[in-house]
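Notes for the one structure printed next.
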Amino acid sequence: MAVGKSVNRMDAVAKVTGRAEYTQDLYKPDMLVARYFRSTIAHGKVTLINVEKAKNLKGVEAVFTYEDVPENKFATAGHPFSLDPGHKDVEDRLLLSQDIRFMGDEIAIVVAHDEIIANKALKLIHVSYKEYKPLTFPEDILKKDARQIHKGSSNIVGEHEYAFGDDIKEAFKKADVVVQGKFKTAMVQHCHLENHISYAYMDDLDRIVIVSSTQIPHIVRRLVSEALNMPLNRIRILKPFVGGGFGNKQDMVLEPMVAFLTLKLDGRPVQINLSREECMLGTRNRHPFFIDVKTGIKKDGTIVARQMDAISITGAYASHGHAIISAGGSKQSSLYPHVATQFHARTLYANIPVAGAMRAYGSPQILYAVECATEDAARKIGMDSVEFRLKNIARQGDMNLLSGKRILSCGLTECLVKGKKFINWDSKVKEYKKYKTGPVRRGLGVACFSYASGTYPVCVEVAGVRIVLNQDGTVHVMVGATEIGQGSDTVVAQMVAQTLCLPYEHVMVVQAQDTDVSPFDTGAYASRQAYVVSNAVFKAASDLKDKILGHAGLMTQRQRKDLDIHNAKIIDVYTNENVMDMKTLAVDSFYHKERGGQLTSEISHKTTTNAPVFGCTFVDIEVDIPLCKIKINQIINVHDSGVILNPVQAGGQVHGGVFMGMGAALLEEMMIDTKTGRVYNNNLLDYKFPTFVDLPQIHHDFVETKEPTSGYGNKSLGEPPVITPPPAIRNAVLDATGVCINALPLSPHHLFTSFKKGGILDSKGDADV
Amino acid sequence: MTDQGFREIIFSINGKQRTLYIDIRSSLLEVLRNELGLTGAKEGCGVGECGACSVLVDDVLVDSCIYLAIWADGKAIRTIEGEAKKGKLSKVQQSYVKEGAVQCGFCTPGFIMASTSFTEKNKGESVTEDEIRKAHAGNLCRCTGYQNILKAVEKSIEP
Ligand code: FES
Ligand code: FES
């Protein structure tokens with residue numbers, strides 16, 4: 001039984017020995033280096049550019065500007081193609097741009113023999129601009145006479161509205177109390193340790209090979225073909241080991257440029273390796289949201305109505321655009337399915353860096369507001385925060401009114417019960433009553449989430465798997481699902497081992513991907529892979545098992561149904577007799593002169609379900625009011641992700657998500673000067689993501705349900721852990737201090753202003769106690 | 001002796017003596033990766049912020065991206081490539097594998113060098129969680145929340 005066991009990661013040894021090869025470790029001896037020339041203003045137009053000096057510098061091969069690139073505007077979001085024209089991603093990007101839409105926009109590119117020369121050449125480029133006032137606030141962006149950042153857009157990328165449940169007006173009439181709040185989330189950055197890097201070369205007169213750190217090899221191939229107007233079979237994407245992505249590599253970023261450059265330079269290899277500063281400024285970020293929430297509740301603790309109006313800022317280019325807030329806004333229907341809900345959202349352009357996909361895709365923003373509002377509602381009627389949630393959350397069998405699908409597995413109640421017990425909720429609620437005055441106070445917080453296991457029915461969900469039997473009875477597996485560090489190859493191997501009844505060690509999943517040979521799959525996003533792949537793997541492995549047993553039948557003149565595989569041996573199901581080992585079978589199938597062949601199975605499977613997952617965060621904190629500091633005493637995330645395929649690796653996913661959530665709650669924020677659009681802290685020194693010493697131990701637990709729509713009972717896990725730490729911590733600060741802070745992060749700076757406003761700090765910063 | 005911006009350095013790398021003629025502007029990381037093909041140490045920032053490039057110089061943990069290669073003259077360098085010996089992982093490496101301390105793996109070579117230096121320094125001593133955390137504060141990881149790395153280091157230090 002491989003599923004459910006904490007086997008070691010397939011690639012762990014390669015990684016601990018430094019032998020795993022990432023894009024930066026691959027090298028062509030004659031590789032050229034390209035570097036972008038970026039704008040130093042946030043909004044405007046280049047009126048003049050002079051690159052002559054740069055071109056003439058020794059060691060510079062070429063300089064290209066916006067005048068040299070195709071006029072073909074393209075989309076970059078890593079979405080599968082949609083047959084619905086209304087669902088197309090916004091095509092608003094050129095390889096280089098004369099119109100400047102954020103500070104750091106790409107105007108020109110230098111190709112040189114090495115980085116030092118390229119950097120020198122950048123200094124020799126001269127530009128003049130016509131400048132416009134940067135638009136950074138929703139009020140300014142939406143003004144009637146505001147300049148259109150993209151012509152014809154009115155600065156709105158998308159807008160939609162939905163409602164489910166009873167009529168919202170009627171529902172609010174039933175409420176005894178109505179609670180309102182305005183919430184704001186910060187722009188945060190993925191900070192995957194491996195920056196964006198790609199290189200391209202041509203291995204034929206008209207064939208481009210792109211080696212890239214990407215989450216979406218097959219999608220990138222299509223997007224590059226669209227951007228450069230080239231046939232698909234002339235583009236090949238290779239994905240080596242990837243040093244993290246968290247959504248930022250679910251976007252086409254460098255690939256079309258390196259492809260363009262190699263095309264222009266006679267097929268010579270050209271690499272772009274972004275510096276950390278460029279990666280934080282010029283790739284993607286998490287969309288900041290502004291969210292108004294109105295909640296109607298009855299005195300008995302039933303939430304009856306909820307109305308939300310949300311704005312998402314996508315920055316200079318659409319990238320994933322309105323899809324983020326649409327997806328984020330759709331998860332509450334499986335969290336609070338009985339609440340009449342109305343949701344309206346808009347996505348706006350702005351002269352700030354581009355936002356795109358990031359872990360949990362809009363849910364951390366929306367559910368932050370939902371779970372803060374839920375807390376405020378519970379407090380308003382004086383009900384215990386956990387009891388209040390238990391009264392309103394989803395249960396197995398509930399109808400998700402937005403999707404029209406029943407919730408087939410839901411362990412959220414049990415998650416809340418487990419978390420509550422772990423944190424010692426009831427006794428601490430009593431104990432902490434003593435700590436609600438004075439300079440150092442204590443509080444407890446909770447927040448719940450629901451998330452999905454893929455993107456269906458908004459997007460197609462397709463997974464490809466190929467399994468081949470090797471000559472010695474081991475198997476090789478190729479999947480289109482993309483390993484980026486989350487461990488998907490490992491769980492695929494476990495699934496295959498389980499169904500083929502082989503030891504885990506006999507299954508090898510090919511890590512590197514090559515669009516010339518890897519089966520089609522749309523890639524690593526939406527926490528979809530283990531779920532969407534599960535049915536494909538189950539089918540392919542079952543099919544191969546049939547073929548193996550069929551061949552064993554041929555060899556032994558037995559019926560297929562009389563045989564089975566057990567621990568890499570063919571056995572007789574009636575007598576348990578060991579008929580032969582896999583190696584004997586494999587050798588025969590490959591080399592017998594008349595029968596058999598290479599036993600192989602290949603499946604492309606579409607998933608037409610999408611299982612919701614659930615969970616919660618519980619946190620116990622201490623707030624030092626004069627120091628404006630939050631100390632987390634204890635934190636736990638409890639998840640219902642269906643069957644847990646690999647407890648140790650699953651725990652790792654939860655830790656990483658909770659850590660990222662704590663960072664977003666307490667420290668992380670891309671700081672932008674709203675007047676100039678300048679980013680202050682696009683480096684790892686000034687952008688404070690938590691180090692080893694900044695955080696406490698991270699606890700986790702699971703409530704294992706069995707999801708019937710999944711091949712192995714599993715549901716999604718990768719992204720969800722990041723969602724609830726911020727609202728849980730905000731709710732704990734409220735519990736400790738009585739001050740509602742409705743903006744992230746809860747950094748000392750924000751705590752100071754909020755505590756002063758809340759009257760618990762005087763203007764000199766002394767605690768008012 | 002420098003010669004048009006180049007200079008000869010002699011140093012030991014994972015126990016083997018090497019002589020190289022290098023550009024005096026190169027960092028140790030560049031020399032390891034580009035001249036010696038030792039690509040285990042990674043570049044995550046190039047300016048001393050992330051620790052992905054950590055190696056040991058005379059058993060001291062350094063960010064090789066901000067350590068000039070010429071400073072390595074006469075010194076002994078240890079990199080991740082030298083840690084597994086005769087097909088066997090070091091105890092630190094084994095613990096990282098076992099405890100699930102590896103995800104994307106990009107920070108891993110640097111972390112393992114930090115843990116190696118820490119465990120060697122504290123051999124036979126009992127250490128606190130705080131000491132482990134401090135000893136790794138210069139290495140950033142964005143995947144693991146450091147939780148399983150903490151466990152792995154605890155396991156590596158057990159006798
Ligand atoms: S690459 Fe050396 S510290 Fe980041
Ligand atoms: S494992 Fe990915 S950065 Fe540490």
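Worth saying up front: this structure is predicted, and the values here are computed from it rather than measured. In what follows, chains carry the letters A, B, and so on, assigned in the order in which the sequence lines appear, proteins first and then strands, with residues in each chain numbered from 1. FYI, side chains are in, hydrogens and waters are out, and symmetry mates aren't considered; it's all heavy atoms of this structure.
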Legend entry - Portion of Val242(A) that has a non-hydrogen atom of chain B nearer than 4.5 angstrom: backbone
Legend entry - Any Arg19(A) side-chain heavy atom under 4.5 Å of Ile80(B) side chain: no
Legend entry - Toward chain A, the part of Glu83(B) with a non-hydrogen atom under 4.5 Å: neither
Inset, instruction - Could you tell me which portion of Ile698(A) (side chain, backbone, both or neither) has an atom closer than 4.5 angstrom to a non-hydrogen atom of chain B? - result: both
Legend entry - Region of Leu38(B) that comes under 4.5 Å of a non-hydrogen atom in chain A: neither
Legend entry - Leading residue by heavy atom contact count with chain A [cutoff under 4.5 Å; candidates Ser90(B), Gly44(B), Gly40(B)]: Gly44(B)
Inset, instruction - Mind checking the CD-CG spacing from Gln649(A) to Asn148(B)? Nearest 0.5 Å is all I need. - result: 8.0 Å
Inset, instruction - Below 4.5 Å from any heavy atom of chain B, which atoms of Phe246(A) appear? Answer side chain, backbone, both or neither. - result: side chain
Inset, instruction - Side chain from CB out, backbone as N, CA, C, O: work out which of these in His699(A) comes under 4.5 Å of a heavy atom of chain B, or both, or neither. - result: neither
Inset, instruction - Give, for atom OG1 of Thr691(A) and atom NZ of Lys134(B), the distance between the pair rounded to the nearest 0.5 Å. - result: 11.0 Å
Legend entry - Residue part contacting chain A, namely of Leu140(B), when any heavy atom lies under 4.5 Å: both
Legend entry - Winner by heavy-atom pair count (cut-off under 4.5 Å) against chain A, out of Gly82(B), Gly145(B), Cys104(B): Cys104(B)
Inset, instruction - Between chain B and each of Cys191(A), Gly487(A), Gly245(A), Gly244(A), count heavy-atom pairs under 4.5 Å; write down the option with the most. - result: Cys191(A)
Legend entry - Flag side-chain contact, heavy atom, 4.5 Å: Glu49(B) against Tyr687(A): no
Legend entry - Segment of Val47(B) engaging chain A (4.5 angstrom heavy-atom cut-off): side chain
Legend entry - Option among Lys15(A), Gln653(A), Arg9(A) that satisfies the side chain to side chain donor-acceptor pair (under 3.5 Å) test with Gln103(B): Gln653(A)
Inset, instruction - Can you tell which part of Asn195(A) gets under 4.5 Å to a heavy atom of chain B, answering side chain, backbone, both or neither? - result: side chain
Inset, instruction - Indicate whether any N or O donor in one side chain lies under 3.5 Å from an N or O acceptor in the other, for Gln147(B) and Gln697(A). - result: yes
Inset, instruction - Pick one of side chain, backbone, both or neither for Asp694(A), based on which atoms fall under 4.5 Å of a heavy atom in chain B. - result: neither
Inset, instruction - Can you tell which part of Ser275(A) gets under 4.5 Å to a heavy atom of chain B, answering side chain, backbone, both or neither? - result: neither
Inset, instruction - Side-chain contact test, heavy atoms from C-beta onward, threshold under 4.5 Å: evaluate it for Arg133(B) versus Val693(A) and give yes or no. - result: yes
Inset, instruction - Counting only heavy atoms closer than 4.5 Å, note whether Glu99(B) contacts chain A via side chain, backbone, both or neither. - result: backbone
Inset, instruction - Calculate, to the nearest 0.5 Å, the distance between atoms NZ and CG belonging to Lys98(B) and Asn8(A) respectively. - result: 4.5 Å
Legend entry - Interchain contact, Ala84(B) with chain A, by part (heavy-atom threshold 4.5 Å): side chain
Legend entry - pair Glu194(A)-Lys42(B): side-chain heavy atoms closer than 4.5 Å: no
Legend entry - Plane angle bin for Phe692(A) and Tyr146(B) - parallel if under 30°, tilted between 30 and 60°, otherwise perpendicular: parallel
